[in-house]
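Below is one structure; the comments refer to it alone.
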There are 2 protein chains.
Amino acid sequence: MFVYVHDEQLDLIFKTLGDATRRRILDLLQERSERSLFEICASFAAADGKSLSRQTISQHLDMLERAGLIITSWKGRTKTHSLNVAPMQVATNQWLKKYL
Amino acid sequence: MFVYVHDEQLDLIFKTLGDATRRRILDLLQERSERSLFEICASFAAADGKSLSRQTISQHLDMLERAGLIITSWKGRTKTHSLNVAPMQVATNQWLKKYL
DNA sequence: TTGACATGCAGGTATTTTACTGCATGTTTG
DNA sequence: CAAACATGCAGTAAAATACCTGCATGTCAA
């Protein structure tokens, strides 16, 4: 199976990866998926001094979801966020690969 | 040899790749390197309707150079631009690889 | 059913990005 | 030297981004 993505989707994938906070969220979700917004905020606060507001992290999660890099589902009043590596693989196979 | 790059450099590399115009410039330079700004503009104009101004392309080239994705050298009054794939390889080896 | 919890939505601000125009600088060639 | 050429620099405007605060909505549990 090979999914073709348009330039705009490639734009979105690379732009989304171009922010250290969002890459860090992906790294967190690779360790363990199915995390809530609050858990992600807590991980950030626990790790070091630089903690961002809940709403800011939420915006980053929205962008990650728009890029397809995370998948969400509701469990009661909690929305869980899980990693989805497909866009990275598609971006690599479709464009980046030829330079590696 | 393994060059460690900081988060800020990873940011810059991915952000730079997150624009279709810049990816297209890289694709052009992979076909043939050592191209001048004017040659790149001409390629854009020849390919299709959507042609950007010389200064706009120049700004994209500046960003590509800051990210290390192109290397430049002067030949008389002409500045030539060549592809440098190292940053893509570094970004892949240092961060992206674990998701592929 | 009410209080605590988890998230969403609206808006505001400062910075960055992307495009442009116009002018300046330096280099080659006739 | 002067004209043509290749690029650089300055400034502008619109849009997007990244952060914030405050309030609203929906859900679980006592």
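Reckoned from all heavy atoms, side chains included, excluding hydrogens, waters and symmetry mates. Chain naming here is simple, since letters A, B, ... match the order of the sequence lines and numbering starts at 1 in each. Values in this document were obtained by computation on a predicted structure and should not be read as measured data.
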Between A/Gln59 and A/Lys79, whichever has its closest DNA chain C nucleotide further toward 5' is A/Lys79

d(A/Asn93 CG, A/Met88 CE) to nearest 0.5 Å is 13.0 Å

message: Would you call the rings of B/Phe14 and A/Phe14 parallel, tilted or perpendicular, taking 30° and 60° as the class edges?
response: parallel

Do B/Ser36 and B/Thr80 meet the criterion of a side-chain donor-acceptor pair at a distance under 3.5 Å? no

Taking for A/Gly18 and for A/Lys75 the nucleotide of DNA chain D with the nearest heavy atom, the one nearer the 5' end belongs to A/Gly18

Of the candidates C/dG8, D/dC28, C/dT17, the side chain of A/Gln55 sits closest to C/dG8

To the nearest angstrom, the CG-C1' distance between A/Leu17 and D/dT17 comes to 16 Å

From CZ of B/Phe38 across to C1' of D/dT7 the rounded distance in Å is 8 Å

Any base atoms under 4.0 Å from A/Ser36, or only sugar-phosphate, or nothing? Heavy atoms, all strands. sugar-phosphate

Exercise. Below 4.0 angstrom from OP1 or OP2 of D/dG8, is there any side-chain N or O of B/Ser58?
Worked result: yes

Separation of D/dT17 atom P from A/Ile57 atom CD1, nearest Å, is 18 Å

The nucleotide from D/dT17, C/dA19, D/dT7 with an atom nearest the side chain of A/Lys15 is D/dT17

Separation of C/dT18 atom P from B/Leu61 atom CG, nearest Å, is 13 Å

**Message:** Check this one for me: any side-chain N or O of A/Thr56 less than 4.0 Å away from OP1 or OP2 of D/dC20?
**Reply:** yes

Between NE2 of B/His60 and P of D/dT7 the distance, given in whole Å, is 17 Å

Between NE2 of A/His81 and C1' of C/dT7 the distance, given in whole Å, is 9 Å

Polar side-chain atom of B/Arg35 near backbone of B/Ile25 as donor-acceptor pair, under 3.5 Å: no

Out of C/dT27, D/dT27, C/dA19, minimum distance to the side chain of B/Arg77 belongs to C/dT27

Atom CZ of B/Phe44 and atom P of C/dT18 are separated, to the nearest Å, by 13 Å

Does the side chain of B/Ser53 get closer than 4.0 angstrom to OP1 or OP2 of C/dC20 through an N or O atom?
yes

Counting C-beta onward and ignoring hydrogens, is there a side-chain heavy-atom pair between B/Asp27 and A/Lys98 closer than 4.5 Å? yes

In whole angstroms, the gap separating P of C/dG8 from CZ of A/Arg66 amounts to 13 Å

Between A/Asp19 and B/Leu37, whichever has its closest DNA chain D nucleotide further toward 5' is B/Leu37

